[in-house]
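Before any comments, here is the structure.
Below, chains carry the letters A, B, ... as their sequence lines are ordered, and counting in each starts from 1. Hydrogens, waters and symmetry mates play no part in the numbers below; they use all other heavy atoms, side chains included.
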Protein chains: 2
Amino acid sequence: MFSLPQLEAFVAVAEELHFGAAAERLNMTQPPLSRQIQMLEKKLGAQLFGRTSRKVELTAAGATLLPRARQILDMCIKTDLDVRRVSSGEAGAITVGYTAIAGQSALPLMLRRAAEGMPGVSFVLRELVSTDQMDGLVKGSVDIGLLRPIVARPGVVSRPLMQDRLVVALPEGSSLLGNMAAPQGESLPLGSLDRLPLLMYSTKEARYFHDLVLRLFASAGAHANITQYASQVPALLAFVQAGLGVTLVPASAMAFAPTGVEFHEIDGRHGIQELNRVDLELAWNEETANPAVLRLLKLIETF
Amino acid sequence: MFSLPQLEAFVAVAEELHFGAAAERLNMTQPPLSRQIQMLEKKLGAQLFGRTSRKVELTAAGATLLPRARQILDMCIKTDLDVRRVSSGEAGAITVGYTAIAGQSALPLMLRRAAEGMPGVSFVLRELVSTDQMDGLVKGSVDIGLLRPIVARPGVVSRPLMQDRLVVALPEGSSLLGNMAAPQGESLPLGSLDRLPLLMYSTKEARYFHDLVLRLFASAGAHANITQYASQVPALLAFVQAGLGVTLVPASAMAFAPTGVEFHEIDGRHGIQELNRVDLELAWNEETANPAVLRLLKLIETF
DNA sequence: CTCAACAATTCAGTAAAGGTATGAATGTTT
DNA sequence: AAACATTCATACCTTTACTGAATTGTTGAG
């Protein structure tokens with residue numbers, strides 16, 4: 001196979017149609033240039049130039065080679081630049097895993113800041129529950145995770161990113177609460193949810209929420225009457241909207257509440273305040289080979 | 001800039017994710033392969049693989065390089081093949097110059113034979129009068145000319161390709177001939193055209209026909225009453241169709257005769273037969289650097 | 001703790017690329 | 001017509017770079 005320097009030599013001669021001039025352009029002397037062309041011709045088994053001591057002209061084979069040679073060289077230069085940029089983190093792609101809720105809160109903030117601070121880096125977005133994100137982080141199919149503080153897999157590190165709180169979601173104008181109904185916007189003690197049909201986070205995919213809700217109920221001395229399981233907040237809210245029960249969701253989930261659902265703060269008295277805390281973490285693989293990820297981590301250190 | 005062997009080495013390692021296996025695939029030993037990759041990384045200023053003594057994996061920069069490296073190598077292989085094919089005449093392009101009449105006779109024959117005998121070679125067609133073809137042959141903008149035997153320019157050689165004869169073209173049902181009118185298809189002595197309005201070939205672009213027509217008239221003792229000049233047969237036939245006069249055209253031009261024109265053979269007696277001969281030649285530049293042209297010349301040697 | 005696997009390093013031999021000097025062919029000028 | 005200028009090719013030498021064999025260093029598995 002020919003070599004890239006040979007292609008460069010060929011292009012120079014083809015453009016100058018003069019070995020001396022081409023050699024000068026290539027910062028070399030004429031004899032080795034002649035030999036390079038001869039070598040190229042030999043390797044291709046094709047006469048590329050018709051040349052006498054007075055003029056040089058392209059043959060049909062040479063004319064065929066010229067545009068392709070230019071294209072190959074162009075591609076090499078572009079490739080060189082691209083690889084450098086990706087390597088320096090200046091460009092590249094980051095696959096972000098995020099929970100449905102983070103998609104409404106932390107993700108847009110992060111993307112906005114990244115768009116300003118590191119243009120040239122593109123994002124591949126994947127909505128995943130925390131455990132799937134963790135798997136992805138280990139396998140390398142996810143670069144950055146926006147997830148709940150679940151047990152980390154080896155090699156995956158994380159740090160707190162945002163705090164949130166749970167709020168109560170009920171069917172609008174529902175009679176579930178009976179005479180304990182509170183006006184829209186007013187806080188509600190968890191005790192008022194005692195024995196009400198509770199739409200619950202699944203133990204597997206949403207263990208963090210599952211456990212948190214149980215802790216809160218226990219702390220309030222209320223009985224959790226679980227009637228449905230779902231792993232994602234929008235699914236739970238759909239159940240609420242259908243009037244099937246009540247649930248607790250992060251406050252930021254109110255941003256995409258369907259109509260027919262009303263929200264109430266949870267009464268923080270009796271130590272509930274301290275327990276009612278939903279953490280969102282930023283997680284990544286410690287050994288990530290993606291420089292753009294490192295830049296991103298630095299960029300949103302002060303989130 | 002990196003080298004092609006380095007890209008090959010990179011692709012092999014990226015696909016095997018194992019230096020030893022990649023080295024075997026490349027028919028080399030492992031140490032030089034390791035060094036090639038190191039060199040490539042150094043030249044690109046980028047870590048391409050994350051490697052321990054237990055596993056090798058692509059970095060983001062490496063993942064960016066891989067498809068591009070494959071593309072570059074593919075293009076190199078294709079280019080190599082294409083250049084060889086063009087050089088051997090197996091593929092390539094031939095620019096054919098041809099007169100309007102040859103476009104109806106010799107050109108289709110030639111193209112049909114070429115399509116069978118040298119598939120892979122494409123043709124660029126340019127309808128040109130003979131003198132323009134000759135210029136093109138000298139400049140190299142025309143590879144093959146189908147033209148009249150005009151004076152050849154240095155470096156251009158030609159050989160006879162087809163013979164034809166002139167026929168008389170008259171407005172259909174015309175009264176121009178007066179009582180000398182002949183039934184359609186019957187031959188006509190040139191003397192019957194004496195003093196009739198004659199639509200003539202221009203002396204410059206169609207000198208060959210111009211001179212031939214004058215010779216024929218002189219030989220028949222008829223007076224050429226030239227009323228119009230044109231350089232191309234279709235233009236002359238259009239004049240005939242309009243009833244403006246008569247003219248002589250090659251018999252093969254009858255193929256694209258407009259309606260309203262009738263043709264008659266020229267009476268060949270009294271030595272006219274021998275003079276009435278229109279040659280078409282095949283011409284090319286002796287120093288053509290287009291191998292496909294040489295193949296074509298060989299292919300239609302026996303036309 | 002030893003072994004096996006695997007990438008990195010060292011070193012010597014060889015192939016390839018570049019430079020200088022020179023030759024050969026072909027227009028151009030006097 | 002002869003000397004000259006231009007330009008590509010060749011010869012020869014030096015330096016660079018690549019290759020293979022032997023060896024080292026590191027890391028995970030038994």
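In terms of phosphate contacts, B/Gln38 brings no side-chain nitrogen or oxygen within less than 4.0 Å of OP1 or OP2 of C/dA7.
Atom CD of A/Glu8 is separated from atom P of C/dA17 by 13 Å (rounded to the nearest Å). Remark: C1' of C/dC6 and CD of B/Glu16 are 15 Å apart, rounded to the nearest angstrom. Going from atom CD of A/Glu57 over to atom P of D/dC8 covers 13 Å, rounded to whole Å. Distance, A/Glu41 CD to D/dC8 C1': 12 Å, rounded to whole Å. Per the geometry, CZ belonging to A/Phe19 stands 16 Å off C1' belonging to C/dG18, to the nearest Å. A straight line from NE2 of B/His18 to C1' of C/dA4 spans 12 Å, rounded to a whole angstrom. Atoms CZ (A/Arg51) and C1' (D/dT6) sit 17 Å apart, rounded to a whole Å. In this structure, B/Leu26 places its CG atom 13 Å from P of C/dA7, rounding to the nearest Å.
Taking the charged nitrogens against the carboxylate oxygens, B/Glu15 and B/Arg70 do have a contact shorter than 4.0 Å, which makes a salt bridge.
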Exercise. Any chance you could list the contact pattern along nucleotides 13-24 of chain D? Use B for base contacts, S for sugar-phosphate-only contacts and - for none, protein heavy atoms under 4.0 Å, 5' to 3'.
Key: -----SBBBB--
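When all heavy atoms are compared, the tightest approach of B/Val142 to B/Gln133 is CB-O, 4.4 Å.
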Interface polar pairs with nucleotides 25-27 of chain C, N/O, under 3.5 angstrom:
residue	atom	partner	partner atom	Å
C/dA25	N3	A/Ser53	OG	3.3
C/dT26	O4'	A/Ser53	OG	3.0
C/dT26	O2	A/Arg54	NH1	3.4

